[in-house]
Amino acid sequence: QVQLVESGGGLVQAGDSLRLSCTASGLTFATYAMGWFRQAPGKEREFVAGINWSGDSTYYRNSVKGRFTISRDNAKNTVYLQMNSLKPEDTAVYYCAADFALNNIVVLITTYGVDYWGRGTLVTVSS
């Protein structure tokens with residue numbers, strides 16, 4: 001059974017940093033594009049960051065560029081999201097997602113085609 005388990009969320013002040021982790025089991029991790037999405041209260045789930053098989057290609061939503069960094073360690077079946085200079089508008093439940101990919105070109109950037117979701121970890125940024 002496939003599981004994606006997020007960790008690292010918490011309550012921080014604006015300007016602080018957090019690192020989220022997502023550890024996968026039950027799948028061949030290196031053949032999945034991975035991504036992070038978030039959902040704030042009353043809003044739709046939105047893309048945050050995506051990464052291909054090998055981790056040499058990434059993509060970010062404009063509002064987090066220069067502040068967030070996605071990375072992966074295939075030996076540990078883990079994808080990370082380093083979040084710096086956090087803002088109150090970053091407050092949301094952050095979800096890890098996995099998308100089976102046929103090649104290393106694919107970067108997960110939309111909710112369409114997501115095969116597996118984590119259960120989420122809450123990030124709250126106070127001003």
Side-chain angles (χ1 to χ4, degrees):
Q1 184 173 353
V2 173
Q3 285 190 300
L4 304 178
V5 180
E6 302 98 333
S7 63
L11 173 62
V12 298
Q13 291 189 325
D16 286 351
S17 297
L18 281 174
R19 187 185 70 162
L20 306 183
S21 298
C22 170
T23 299
S25 61
L27 52 72
T28 304
F29 185 73
T31 64
Y32 283 77
M34 302 295 295
W36 289 95
F37 296 76
R38 67 188 182 188
Q39 188 166 19
K43 297 184 179 180
E44 295 183 351
R45 189 169 300 187
E46 65 183 19
F47 167 77
V48 178
I51 192 166
N52 68 338
W53 281 0
S54 62
D56 62 354
S57 184
T58 60
Y59 197 77
Y60 302 89
R61 73 178 298 107
N62 288 336
S63 62
V64 308
K65 287 180 179 178
R67 299 190 297 120
F68 290 12
T69 302
I70 187 172
S71 61
R72 67 191 295 165
D73 186 340
N74 288 346
K76 296 182 178 180
N77 283 8
T78 300
V79 62
Y80 304 94
L81 185 67
Q82 178 67 45
M83 304 185 294
N84 298 327
S85 302
L86 283 162
K87 303 175 180 179
E89 53 262 44
D90 295 318
T91 295
V93 176
Y94 283 71
Y95 297 91
C96 177
D99 176 23
F100 177 75
L102 294 176
N103 55 58
N104 196 40
I105 298 173
V106 176
V107 179
L108 178 55
I109 61 172
T110 76
T111 59
Y112 295 102
V114 170
D115 295 305
Y116 305 104
W117 291 98
R119 306 196 80 173
T121 185
L122 178 62
V123 173
T124 302
V125 185
S126 63
S127 59

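Residues take their numbers from the sequence shown, with the count starting at 1.
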Original post:
Taking everything shown except Lys43 itself, do over 12 heavy atoms lie less than 6.0 Å from its NZ?
Top reply: no

**OP:** Locate the shortest heavy-atom distance separating Leu122 from Ala92; write the atom from each residue and the value.
**Re:** CD1-O, 3.6 Å

**OP:** Check step by step if side-chain hydrogen bond (donor to acceptor under 3.5 Å, both in side chains) holds for Asn77 and Thr23.
**Re:** CA-CA 6 Å; Asn77 283 8; Thr23 299; over 6 Å; no

Original post:
Would you call Arg38-Glu46 a salt bridge at under 4.0 Å N-O?
Top reply: yes

Subject >> Side chain proximity check, Leu27 to Phe100, heavy atoms < 4.5 angstrom >> reply: no

Original post:
Are Met34 and Phe29 side-chain neighbours, meaning at least one heavy-atom pair lies under 4.5 Å?
Top reply: yes

Original post:
Counting heavy atoms not belonging to Tyr59, are there more than 12 under 6.0 Å from its OH?
Top reply: no

Subject >> Worked verdict on Leu18 versus Asp16 for side-chain contact (heavy atoms from CB on, under 4.5 Å) >> reply: CA-CA 7 Å; Leu18 281 174; Asp16 286 351; over 6 Å; no

Subject >> For Glu6, the option from Trp117, Tyr94, Tyr95 that meets side chain to side chain contact (heavy atoms under 4.5 Å, CB included) >> reply: Tyr95

Original post:
Taking C-beta and beyond as the side chain, do Val106 and Asn52 meet within less than 4.5 Å on heavy atoms?
Top reply: no

**OP:** For residues Leu108 and Val114, determine if any side-chain heavy atom of one lies less than 4.5 Å from a side-chain heavy atom of the other.
**Re:** yes

**OP:** Under the side-chain contact (heavy atoms from CB on, under 4.5 Å) rule, what do Val123 and Leu20 come out as? Steps first, then yes or no, please.
**Re:** CA-CA 9 Å; Val123 173; Leu20 306 183; 4.0 Å; yes

Original post:
Can any side-chain N or O of Arg19 pair as donor or acceptor with the backbone N or O of Gly8 at less than 3.5 Å?
Top reply: no

